[in-house]
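What follows is a set of notes on a single structure, which appears directly below.
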Amino acid sequence: MDKFMIEGGTALYGEIEIQSAKNAVLPLLAASILTEEKVVLYKCPDITDVRHMIEILSELGCQTSLVETTLHIESAGARHHEIPARLTKEIRSSIFMLGSVIARFGRARIAYPGGCDIGLRPIDLHLSSLKQLGVKITEEGGYIDCQCDRLIGAEIYLDCPSVGATENIVLAAVLAKGKTVIYNAAKEPEIVDLQNFLNLMGAKVQGAGSAIISIEGVESLKGIAYTPIPDRIEAGTFLIAAAICGGEVGLTNVRAEDISSLLHKLRQIGCKIHTKYDRIHIISNSIRQSPKLIETSPYPGYPTDLQAQISALACVCNGSTVIVENLFETRFKHMPQLQRMGADITVRGKTAFIRGVKQLHGAEVVASDLRGGAALTLAGLAANGITTVTDLSHIDRGYIAFDAKLKKLGAKIERVPVSF
Ligand code: UD1
């Protein structure tokens with residue numbers, strides 16, 4: 001068990017490269033068992049969520065090897081259709097395996113998934129959609145049992161544009177008999193990446209990035225070598241780090257169009273941002289106006305995965321900010337921790353009212369989820385004095401060498417073992 005020790009007050013200067021998107025890689029890993037041929041993923045981020053998905057693939061009987069950042073997956077020998085609780089409790093994205101495991105084996109048995117503790121995170125849409133594709137589902141003893149002779153295409157309307165449910169339906173429908181249409185589909189860039197990946201494997205998916213996705217089932221899919229899209233949430237986290245600390249930071253391997261809602265907010269508060277090709281350059285001076293209103297919503301709205309980080313920034317801006325979290329009901333766990341650092345925050349239900357203060361002060365804080373942990377780290381970088389952030393396992397789920405990258409930009413941050 002490690003913790004971050006942070007000495008705040010240093011501006012950030014320099015350049016870093018952004019990793020491939022966690023939320024793109026996870027469904028691609030699920031997709032890899034749809035073929036018996038070899039799948040190669042380049043620039044695969046070595047984060048714990050990816051490690052857990054690789055363990056699940058091994059449990060199913062796939063051969064996997066991660067050499068530096070290239071992941072090789074051979075699933076010709078995959079024979080098992082069961083994912084036990086020991087593996088699913090670590091990662092909610094294990095639920096994405098349902099669609100592809102059923103498509104491959106005609107059956108799947110999976111323990112209820114875990115992952116970030118950010119609310120109820122139901123899976124009703126995943127299950128009802130699979131039922132519409134002809135899957136018989138029974139739930140017993142913490143396990144979901146799925147069975148079907150042949151997946152049959154269907155017209156599916158999602159009550160809300162769930163990212164995971166959209167991906168699960170696509171993963172099942174690519175090998176179904178006939179056509180599937182998803183209405184009110186999620187539009188996130190990671191879904192477009194999944195479509196591109198599957199189509200290169202020989203699938204017929206159209207419309208990802210819009211609210212209607214259609215999938216024409218095919219008989220089989222072939223192997224592929226692929227580089228996933230850059231991580232818009234990691235990029236956003238480093239842009240907010242530059243905004244909160246001041247300085248000048250360049251990011252490479254980013255797609256500005258994927259984080260336009262954040263770039264708009266950062267420009268609004270006074271940061272200068274230039275984008276060109278796969279680069280973003282941010283200049284931030286020390287006096288910033290508050291972002292006023294942040295309302296999380298599905299893409300292309302402001303992402304819930306960058307809500308905690310901009311909340312930390314709002315704590316040290318001039319003026320007040322209202323943060324409305326519309327997606328996950330318990331995604332404010334970082335707020336009491338920020339209060340320990342001197343932030344002026346009032347939370348009422350899904351709304352947080354933040355009045356900017358001149359300076360945060362160092363404190364001992366605990367990360368309780370992935371993005372909240374990143375936010376506390378950023379707050380520590382801006383605070384006066386020493387901040388310690390514990391429970392780094394949450395941060396390790398989604399960021400490669402978070403501290404090393406910040407250090408490269410000049411931050412005073414050390415990862416040290418917790419002494420008992
Ligand atoms: C994905 C992302 C996560 C991000 C979230 C929202 C991955 C691996 N994770 O999570 O980082 O925070 O999108 O952008 O890509 N819902 C239901 N029933 C369901 C499924 C979802 O009601 O069956 C609701 C959820 O409670 C939530 C909303 O739909 O309010 C969006 O959730 P969803 O898009 O499904 O999030 P995830 O796919 O879990």
Side-chain angles (χ1 to χ4, degrees), residues 20-31 45 47-50 52-53 56 88 90-99 110 112-132 137 139 144 156-172 182 184-194 197 208 211 228-229 231-237 258-259 261-262 295-310 324-333 350 369-375 394-395 397-399:
S20 291
K22 168 178 92 68
N23 289 354
V25 171
L26 298 176
L28 300 189
L29 293 177
I47 48 181
T48 47
D49 266 13
V50 167
H52 284 132
M53 280 295 269
I56 291 176
T88 60
E90 298 292 349
I91 178 170
R92 184 184 147 82
S93 306
S94 46
I95 192 72
F96 297 161
M97 296 297 302
L98 259 190
I110 180 171
Y112 263 95
C116 247
D117 178 19
I118 48 172
L120 292 172
R121 302 193 80 159
I123 54 169
D124 54 319
L125 295 174
H126 297 250
L127 300 186
S128 63
S129 306
L130 290 171
K131 279 182 189 163
Q132 289 175 71
I137 300 181
E139 297 172 64
I144 305 163
I156 299 173
Y157 179 86
L158 290 177
D159 287 338
C160 71
S162 157
V163 175
T166 302
E167 291 171 340
N168 228 340
I169 300 166
V170 172
L171 287 166
I182 311 171
N184 200 25
K187 301 175 190 153
E188 269 67 2
E190 292 76 18
I191 294 168
V192 180
D193 206 40
L194 178 62
F197 180 88
I229 55 168
D231 196 316
R232 62 195 167 99
I233 306 303
E234 190 203 18
T237 303
D258 291 350
I259 41 171
S261 56
L262 172 68
E295 269 215 70
T296 65
S297 57
Y299 188 84
Y302 190 89
T304 176
D305 288 350
L306 287 172
Q307 176 264 110
Q309 301 89 319
I310 206 156
V324 187
E325 173 52 64
N326 286 312
L327 277 100
F328 296 113
E329 64 277 13
T330 61
R331 221 172 192 183
F332 275 162
K333 287 186 178 163
K350 64 175 193 171
D369 61 63
L370 166 57
R371 308 303 172 184
H394 293 291
I395 298 176
R397 284 189 42 225
Y399 295 91

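When reading the values below, keep in mind they use all heavy atoms of this one structure, side chains included, and skip hydrogens, waters and symmetry mates. Just follow the structure's listing: the first ligand is 1, and inside any ligand the first atom is 1.
For Lys350, the side-chain hydrogen bond (donor to acceptor under 3.5 Å, both in side chains) partners two or more places apart in sequence, or in a different chain, are Asn326. With sequence neighbours excluded, no residue forms a ring pair (Phe, Tyr, Trp, His ring centres under 6.0 Å) with Tyr302.
A donor-acceptor pair under 3.5 Å links the side-chain atoms of Asn168 to the main chain of Ile95, judged by distance alone. In this structure, Glu325 contributes its side chain and Gln307 its backbone to no donor-acceptor pair below 3.5 Å. A distance-only check finds no donor-acceptor pair linking the side chain of Glu188 to the backbone of Ile191 [under 3.5 Å].
Residue Gly164 has at least one heavy-atom neighbour below 4.0 Å for each of these atoms of ligand 1: 35 (O), 38 (O). Using a 4.0 Å cut-off to heavy atoms of His126, the atoms of ligand 1 that qualify are 23 (O). Taking a cut-off of under 4.0 Å to the non-hydrogen atoms of Thr304, the atoms of ligand 1 that pass are 6 (C), 12 (O), 14 (O). Using a 4.0 Å cut-off to heavy atoms of Phe96, the atoms of ligand 1 that qualify are 8 (C). Under a 4.0 Å criterion applied to the non-hydrogen atoms of Arg331, ligand 1 contributes the atoms 12 (O).
For a threshold of 3.5 Å applied to N or O pairs, the pair formed by Asp305 and ligand 1 contains at least one separation below that value. Taking only nitrogen or oxygen atoms, main chain and side chain alike, Pro122 reaches within less than 3.5 Å of ligand 1. Residue Leu26 places no N or O, backbone or side chain, under 3.5 Å from any N or O of ligand 1. Taking distance alone, with nitrogen or oxygen atoms compared against 3.5 Å, Asn23 approaches ligand 1 more closely than that limit. At a 3.5 angstrom cut-off on N or O pairs, Asp124 counts as close to ligand 1.
Paired with Lys22 under the rule salt bridge (charged side-chain N to carboxylate O under 4.0 Å, His left out), one option of Asp193, Asp305, Asp49, Asp231 passes, and it is Asp49.
The option from Ile95, Leu125, Asn326 that lies nearest to atom 23 (O) of ligand 1, judged by heavy atoms, is Leu125. With distances taken over non-hydrogen atoms, the option nearest atom 24 (C) of ligand 1 out of Ser93, Gly398, Cys160 is Cys160.
Ligand 1 lies out of reach of Glu325, whose nearest heavy atom is not under 4.0 Å from it. Not a single heavy atom of Tyr299 sits under 4.0 Å from any atom of ligand 1.
Taking the side chain as every heavy atom from C-beta outward, Ile233 and Gln309 approach each other to under 4.5 Å. When side chains are defined from C-beta on, His394 does not count as touching Arg371, because their heavy atoms never get closer than 4.5 Å. Under the 4.5 Å side-chain criterion, counting only non-hydrogen atoms from C-beta, Leu194 is in contact with Leu171.
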